[in-house]
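Keep in mind it's a predicted model, so treat the numbers as computed, not measured.
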Amino acid sequence: MSKPNPTDRKYSKDHEWAKDEGGDVITVGITDFAQEQLTDIVYVELPAIGRKVRQSEPVAVVESVKSVSDVYAPLSGEVIEVNSTLEQQPELINQDAFGEGWIVKMKIDDPGEWANLLEAEAYEALTREEKH
């Protein structure tokens, strides 16, 4: 059973979350729904610090026993930090998708792109539709 989606962040239709850390920095991860669909995560390919990505472009790769999935940047910007703990403990994403299982921190280019993301309630409606 998926955990409720925190309301302190926004969500993409591709199942990523973006949390505003103040200024122009965001933390990015995949949602609890996404980790549940993937099942046991065995490997995370993190991007290089300094890598620039556009909104909806792949920024990382998550590999599970079931499949390999791209993690898409919810906003355009530059990777300024990666969660290197995931290299040794990729299962943190399964255990705590909204906390310790974060993937990257980014410095965003265009705050206007927040408008393209979903509030928690709208994202929950989207995942309810996908489950049926």
Side-chain angles (χ1 to χ4, degrees):
M1 183 74 198
S2 292
K3 295 180 180 90
N5 297 299
T7 55
D8 65 349
R9 57 200 76 194
K10 288 198 164 190
Y11 300 86
S12 74
K13 292 184 169 117
D14 297 311
H15 310 293
E16 287 82 28
W17 55 264
K19 183 178 179 192
D20 186 347
E21 299 294 355
D24 51 4
V25 174
I26 60 168
T27 301
V28 177
I30 64 171
T31 65
D32 200 58
F33 175 82
Q35 71 77 20
E36 208 171 70
Q37 299 299 305
L38 286 165
T39 67
D40 296 332
I41 294 171
V42 295
Y43 177 73
V44 180
E45 184 181 311
L46 297 166
I49 290 178
R51 177 165 169 212
K52 289 199 163 281
V53 286
R54 303 216 41 78
Q55 187 172 43
S56 301
E57 278 183 0
V59 68
V61 178
V62 174
E63 197 174 310
S64 71
V65 292
K66 203 161 86 170
S67 67
V68 175
S69 289
D70 284 328
V71 176
Y72 299 97
L75 300 165
S76 300
E78 179 183 337
V79 175
I80 57 169
E81 191 179 332
V82 297
N83 186 353
S84 54
T85 306
L86 297 177
E87 293 171 336
Q88 305 303 318
Q89 298 177 276
E91 68 278 1
L92 278 176
I93 294 175
N94 293 120
Q95 295 162 5
D96 190 11
F98 292 123
E100 295 296 313
W102 65 275
I103 298 172
V104 298
K105 292 189 190 262
M106 294 174 59
K107 183 176 183 351
I108 61 170
D109 291 341
D110 180 3
E113 291 179 342
W114 281 104
N116 300 332
L117 300 178
L118 304 169
E119 297 290 344
E121 201 172 289
Y123 178 73
E124 279 167 25
L126 175 84
T127 58
R128 269 197 302 278
E129 285 170 27
E130 287 191 20
K131 285 179 187 172
H132 297 294

Non-neighbouring partners of Q35 that pass side-chain hydrogen bond (donor to acceptor under 3.5 Å, both in side chains), sequence neighbours left out: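 Testing Q35 for side-chain hydrogen bond (donor to acceptor under 3.5 Å, both in side chains), a comparison that skips the adjacent residues, returns D32, N94.
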
Partners meeting side-chain hydrogen bond (donor to acceptor under 3.5 Å, both in side chains) with E113 (sequence neighbours left out):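 Result, side-chain hydrogen bond (donor to acceptor under 3.5 Å, both in side chains) vs E113: S76.
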
Side-chain (D110) to main-chain (G112) donor-acceptor, under 3.5 angstrom: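 A pair under 3.5 Å: yes.
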
Acceptor/donor pairs from residues 40-52 side chains to any protein atom, 3.5 angstrom cut, sequence neighbours excluded:
| residue | atom | partner | partner atom | Å |
| --- | --- | --- | --- | --- |
| R51 | NH1 | V59 | O | 3.4 |
| R51 | NH2 | P58 | O | 2.8 |

Which donor-acceptor pairs under 3.5 Å do the side chains of residues 23-30 make with protein atoms, sequence neighbours left out?
| residue | atom | partner | partner atom | Å |
| --- | --- | --- | --- | --- |
| D24 | OD2 | K107 | NZ | 2.9 |
| T27 | OG1 | E21 | OE2 | 2.7 |
| T27 | OG1 | K105 | NZ | 3.2 |

Group every Ile, Leu, Val, Met, Phe, Trp and Tyr by side-chain heavy-atom contacts under 4.5 Å, then state whether [X] and [Y] land in the same group.
| X | Y | answer |
| --- | --- | --- |
| F33 | W17 | yes |
| L92 | V82 | yes |
| W114 | V53 | yes |

Partners passing salt bridge (charged side-chain N to carboxylate O under 4.0 Å, His left out) against [X] (at least two apart in sequence or in another chain):
| X | result |
| --- | --- |
| E119 | K10 |
| D14 | none |
| K13 | none |

Close side-chain approach of E16 to I103, heavy-atom, < 4.5 Å: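 No, side chains not in contact.
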
Side chains of I108 and D20 in contact at under 4.5 Å (non-hydrogen atoms):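 Contact flag for I108/D20 side chains = no.
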
Spacing of [atom1] belonging to [X] relative to [atom2] belonging to [Y], to within rounding of 0.5 Å:
| X | Y | atom1 | atom2 | result |
| --- | --- | --- | --- | --- |
| D70 | S56 | CG | OG | 12.0 Å |
| I93 | L86 | CD1 | CG | 5.0 Å |
| E36 | T31 | CD | OG1 | 9.0 Å |

Shortest non-hydrogen contact from G101 toward N83: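 Closest approach of G101 to N83, heavy atoms only: C-ND2, 4.2 Å.
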
Results of side-chain contact (heavy atoms from CB on, under 4.5 Å) for S67 - residues two or more places apart only: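 Residues passing side-chain contact (heavy atoms from CB on, under 4.5 Å) with S67: L38, S64, S69.
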
Test log, rule side-chain contact (heavy atoms from CB on, under 4.5 Å), inputs R9 and F98: CA-CA 10 Å; R9 57 200 76 194; F98 292 123; 3.8 Å; yes

Neighbour count above 12 (heavy atom, 6.0 Å) for E100 CD: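 No, CD of E100 has 12 or fewer neighbouring heavy atoms, counting only those of other groups under 6.0 Å.
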
Qualifying salt bridge (Lys or Arg N to Asp or Glu O under 4.0 Å) pairs with a residue from residues 59-69, counting only residues at least two apart or across chains: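 Those involving residues 59-69 do not exist here.
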
Sequence-distant partners of Y123, ring pair (Phe, Tyr, Trp, His ring centres under 6.0 Å), two or more places apart: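 Partners of Y123 by the ring pair (Phe, Tyr, Trp, His ring centres under 6.0 Å) criterion, ordered by chain and then number, come out as Y11, H15.
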
